[in-house]
Amino acid sequence: MTGRKPWQGRFSSPTDQTLEAFSESLSFDWRLYPQDIAQSLAHCEMLIRQGIIPEESGKEIIRALKEIRKEIDSGSFKLDPAWEDIHMAIEAHLIKKIGPAGGALHTARSRNDQVATDLRLYVKETIEDIRNLLRELMAAFIEQAKRHIALILPGLTHLQHAQAVRFSHHLMAYVEMFHRDEDRLADALKRVDICPLGSGAISGTTFPIDREFVARKLGFSDITKNSMDAVSDRDFVIEFLAVLSLVMVHLSRFAEDLIIWNSMYAHLVELPDSLATGSSMMPQKKNPDGAELIRGKTGRVFGHLFALLTVLKGLPMTYNRDLQEDKEPLFDTVDTVYGCLRMARLLIKGMEPLQERMEEATKQGFLQATDLADYLVRKGTPFRLAHEIAGKVVSYALEKGRGLSGLSLNELKRFSPDFGDDVLEVLSVERGVDQRKGTGMTGREAVLAHIAYAEANYLKHNKEE
Ligand code: ARG
């Protein structure tokens, strides 16, 4: 349909259909309708209070807007892309419902400050949703860390055996990452939570509007200070996408760890059948596709961040239609991150660590080598020399095809006279782990303290923020 546009006054011919199809945003910005209507309700109320529009028609508009909200909710109002965008679709429908009086709603407002306000409302709400999902994810990690506190596995650097760690310590590393993400979102919120309405198209309005009233009504903490910046600023979207990119980095790293744990090389963790997929050709396959897709979907989120950075770069002041390109990257990022957070939560809750496999794995790789060197240091050997001696012990054990705990005291004594009876304790993997008692370390007590700290501090929603 080639409807008459609200801006058609100065035009003598209708929009070319190619341009109409090329420029419409309704097919994706329809999802801003709850924010758009909430904003219009607040704006209209302000227009009445300030005596800018007659109370009679203002009330009529408010009633009709509430009806429109219900019609869109229920699907009975079909949104036609010919209306270009959600703002014009709602306005056109309003005028169709109550006649020309509906046209008063757009007094003292432009689509430029309107769309900026809708977007800020949307990002604000979404930040809260994602913070909640992050907290739920952290809670799932913490639960598994508590349940499996007894498990020890080889910790890796360079994907090679390093030192033994508690499995819970590894899981709690992710809790720290997600907590930082949640904190970054709380911080970004400060810069989103500012109302641009009243900036008009570029320079404000000649009407005596009350910007603070509208901002308060919509739950914003402040109002923008420069109308030109306000209509052309999308920093808050970029910042949001940057934080979500980091969320994806963390989810993707977890996905990769899970894929490695689950791989035939390590096989330290089993996924339930309900969280794995098969192969159409190879009957024996059980694949961790959920985790692989989290890793894969990270790419599109980074792409969206770069798309928007590129749209903004070099854009002349102030509003340009380029800015309409902010929405698809934003919406797809939000949908992707929601999906990945939910999938990650299912995976962490569903995975079963394999205790015997982990115990077996800690016997490989000479994980106690550092402890052996530290033992000699305590007996008075300088660390560099102790490192050298422990290295020679490892080389000897390798040659003999044995682990460090398989060596006898006599064999050890050949490398240093300082080795005594008590060295055998040092060769116990679990003891070595639990000797690491300080804050942030992998010993049982330290990990339990971290878990308690995270439970007390990371999972609560702080309404004051
Ligand atoms: N659909 C447009 C967008 O998303 C709304 C603002 C249009 N403003 C304009 N002056 N054409 O950016």
Side-chain angles (χ1 to χ4, degrees), residues 1-11 14-40 43 68 72 79-95 103 105-126 192 195-205 218 224 226-238 240-241 304 307-335:
M1 153 195 161
T2 321
R4 196 177 156 73
K5 310 279 194 294
W7 41 254
Q8 203 98 36
R10 59 102 70 213
F11 289 82
T15 319
D16 186 283
Q17 290 204 346
T18 305
L19 175 59
E20 192 163 278
F22 183 68
S23 59
E24 68 81 26
S25 55
L26 188 58
S27 53
F28 46 87
D29 69 12
W30 64 268
R31 34 197 292 186
L32 293 175
Y33 81 89
Q35 291 78 12
D36 201 67
I37 292 178
Q39 170 192 160
S40 288
H43 180 66
I68 295 174
I72 306 181
L79 298 164
D80 183 341
W83 288 118
E84 201 173 297
D85 59 27
I86 186 64
H87 324 291
M88 295 213 289
I90 291 173
E91 189 183 326
H93 195 50
L94 176 70
I95 293 172
L105 174 64
H106 212 54
T107 314
R109 185 172 71 172
S110 154
R111 268 186 302 155
N112 297 354
D113 57 348
Q114 183 174 3
V115 71
T117 306
D118 285 358
L119 266 189
R120 282 175 181 269
L121 285 171
Y122 172 83
V123 173
K124 265 186 74 171
E125 287 166 29
T126 311
V192 185
C195 185
L197 204 65
S199 300
I202 169 169
S203 65
T205 172
L218 292 174
T224 54
N226 180 295
S227 62
M228 294 180 73
D229 176 46
V231 293
S232 65
D233 172 29
R234 295 292 183 273
D235 295 3
F236 64 98
V237 183
I238 292 184
F240 184 44
L241 297 194
H304 292 323
L308 203 51
L309 283 167
T310 313
V311 168
L312 265 286
K313 174 200 163 293
L315 196 68
M317 290 290 271
T318 54
Y319 180 86
N320 297 271
R321 192 65 178 271
D322 315 43
L323 289 174
Q324 180 171 292
E325 287 293 308
D326 59 3
K327 285 170 203 67
E328 286 163 294
L330 170 63
F331 295 149
D332 187 64
T333 297
V334 168
D335 294 343

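Both ligands and their constituent atoms are indexed starting at 1 by order of listing. Residue numbers run from 1 in the order of the sequence given.
- Comment: Asp233 engages Arg120 in a salt bridge, judged by a side-chain N to carboxylate O separation of less than 4.0 angstrom.
- Residue Gln324 has at least one heavy-atom neighbour below 4.0 Å for each of these atoms of ligand 1: 1 (N), 2 (C), 3 (C), 4 (O), 12 (O).
- Within ligand 1, counting atoms from 1 as listed, the ones closer than 4.0 Å to a heavy atom of Lys327 are 3 (C), 4 (O), 12 (O).
- For ligand 1, the atoms closer than 4.0 angstrom to any heavy atom of Val115 are 4 (O).
- Close approach of ligand 1 to Ser25 is summarised as follows: ligand atoms under 4.0 Å from at least one heavy atom of the residue are 1 (N).
- The protein non-hydrogen atom at the shortest distance from atom 11 (N) of ligand 1 is Arg111 NH2, 3.5 Å.
- In terms of protein heavy atoms, atom 7 (C) of ligand 1 is closest to Tyr319 OH, 3.4 Å.
- A cation-pi arrangement is not found for Arg31 relative to Tyr122, the charged atom failing to lie both closer than 6.0 Å to the ring centre and inside a 45° cone about the ring normal.
- Heavy-atom contacts from other residues, nucleotides or ligands closer than 6.0 Å to CD of Gln324 number more than 12.
- Shown here for Gln114 and Arg109, the closest heavy-atom pair between the two residues is NE2-NH2, 3.4 Å.
- Protein heavy atom in closest approach to atom 5 (C) of ligand 1: Asp85 OD2, 3.4 Å.
- Looking at atom 10 (N) of ligand 1, its nearest protein heavy atom turns out to be Asn112 OD1, 3.1 Å.
- Of all the heavy atoms in Pro316 and Asn320, the pair that sits closest is O-ND2, 2.7 Å.
- Under the 4.0 Å criterion applied to side-chain N and carboxylate O atoms, Arg111 and Glu84 are assigned as salt-bridge partners.
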